[in-house]
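Report on the following structure.
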Amino acid sequence: MTDTEIEITADLVRALLEEQHPDLAGLAIREVAGGWGNQMWRLGDELAVRMQRMDPTPELQLKERRWLPVLAPRLPLPVPTPVRFGEPSARFPKHWTVMTWVPGEPLDHGSISRGPQAADALAGFLQALHVAAPAEAPIATDRGAHPRDCTDGFEHFFQAVAPDDIAADVRAVWDDAVAAQAWQGPPVWVHGDLHPANVVVSDGTLSGIVDFGDMFAGDPAWDLAAAWVLLPAGMASRFFDTYEHADGAAIQRARGLAAMKSLFLMLMGQNGDRGLPGGKPNWGPVGRAALDRVLKGV
């Protein structure tokens, strides 16, 4: 445990609830595996406690508190919605939030067997999300840019994990994205971090979207990359047909961003294999499968 970490236990969660929301303190508390910036604990059957852990500032939780209640009512898939706020205290000097629980299994531990239904569900969700954002909506600081402005990040992932036998093809996809026309519309709401650990599945299809800490107003291509990162092979074309609003340039940008995101997943898998902090061993095969889908196109 480092200086920036605080050991979070069920006893601590219950003590915080007793201090600030005593009417919830009697509910069962169960740890949820995974998480890095925040740690999740089930609270009864319908709620969860999101504890700020490695995130250095409360910005991401405060963003979710501010905007998820605005967005959730018009989204066609369940998303976590804040219901109570936990404030820093002597017992725990960071923010925590009680949110609704989105049932299902994270896709990085599950699978999609009903591809057409999942493609339609994802397209419908992003259609509803990708509307013009208000002027006061958050702007991304580390994502959301045109691929041409993300070259350093791509190169880092590419040099670390791109397989030699497909490296030239991966770079060609990225170069095509860099050359694509920029987003011409108004900034729209973007989830910003759609990868297999941030969506849940049940009955073989998408059943919910979680972790909106990186949401921002900007280019929807950052979410459209999920057509390859999340959906089974052959489903990207159906997704874009259903989504309807992506032109050729948006698809170019999205495909390049999907390549970069796939490489990131592979690197996280490699870090997990090496036992490095934050590494996720099961993300390596997930990222490679996504990269193969990217190279096959729509």
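Nothing fancy with the numbering, it's 1 onward along the sequence.
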So do the side chains of [X] and [Y] get within less than 4.5 Å of each other, counting heavy atoms only?
{"X": "E59", "Y": "L62", "value": "no"}
{"X": "M268", "Y": "F157", "value": "no"}
{"X": "R288", "Y": "S262", "value": "no"}
{"X": "V98", "Y": "P82", "value": "no"}
{"X": "S202", "Y": "E105", "value": "no"}
{"X": "M51", "Y": "W41", "value": "yes"}
{"X": "S207", "Y": "L77", "value": "no"}
{"X": "M99", "Y": "T81", "value": "no"}

Pairs in or reaching into residues 210-227: which pass salt bridge (charged side-chain N to carboxylate O under 4.0 Å, His left out), with residues at least two apart or in two chains? R50-D211, R143-D214, D219-R253

Sequence neighbours left out, what pairs pass salt bridge (charged side-chain N to carboxylate O under 4.0 Å, His left out) with at least one residue falling in residues 69-90?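 Every salt bridge (charged side-chain N to carboxylate O under 4.0 Å, His left out) pair that includes a residue of residues 69-90, provided the two are not neighbours, is D23-R84, R65-E87.
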
Does atom CG (D45) have a neighbourhood of more than 12 heavy atoms from anything else shown, all under 6.0 Å?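 Result for CG/D45: open.
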
Can you confirm whether more than 12 heavy atoms, excluding those of E46, are under 6.0 Å from its CD atom? no

Are the charged groups of D292 and K296 less than 4.0 angstrom apart, N to O? no

So, D120 and R238, do they make that salt bridge, N to O below 4.0 Å?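 The answer is yes: the pair qualifies as a salt bridge.
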
Between the main-chain N or O of [Y] and the side-chain N or O of [X], is there a donor-acceptor pair closer than 3.5 Å?
{"X": "K63", "Y": "M215", "result": "yes"}
{"X": "E64", "Y": "F212", "result": "yes"}
{"X": "R30", "Y": "G44", "result": "yes"}
{"X": "R255", "Y": "V294", "result": "yes"}
{"X": "H21", "Y": "F85", "result": "yes"}

Work out which heavy atom in [X] is nearest to a heavy atom in [Y]; give both atom names and the distance.
{"X": "F216", "Y": "G144", "answer": "CZ-CA, 3.5 Å"}
{"X": "A48", "Y": "M40", "answer": "CB-CE, 3.6 Å"}
{"X": "A137", "Y": "W189", "answer": "CB-CH2, 3.6 Å"}

Chi angles and distances behind the ring-ring contact (aromatic ring centres under 6.0 Å, His included) call for F240, W228: CA-CA 11 Å; F240 284 111; W228 296 277; 5.5 Å; yes

Distance alone, cut at 3.5 Å: any donor-acceptor contact between the side chains of H195 and N198? yes

Between Q52 and N38, is any side-chain donor less than 3.5 angstrom from a side-chain acceptor? no

Working for ring-ring contact (aromatic ring centres under 6.0 Å, His included), residues H130 and Y243: CA-CA 10 Å; H130 291 166; Y243 179 81; 5.7 Å; yes

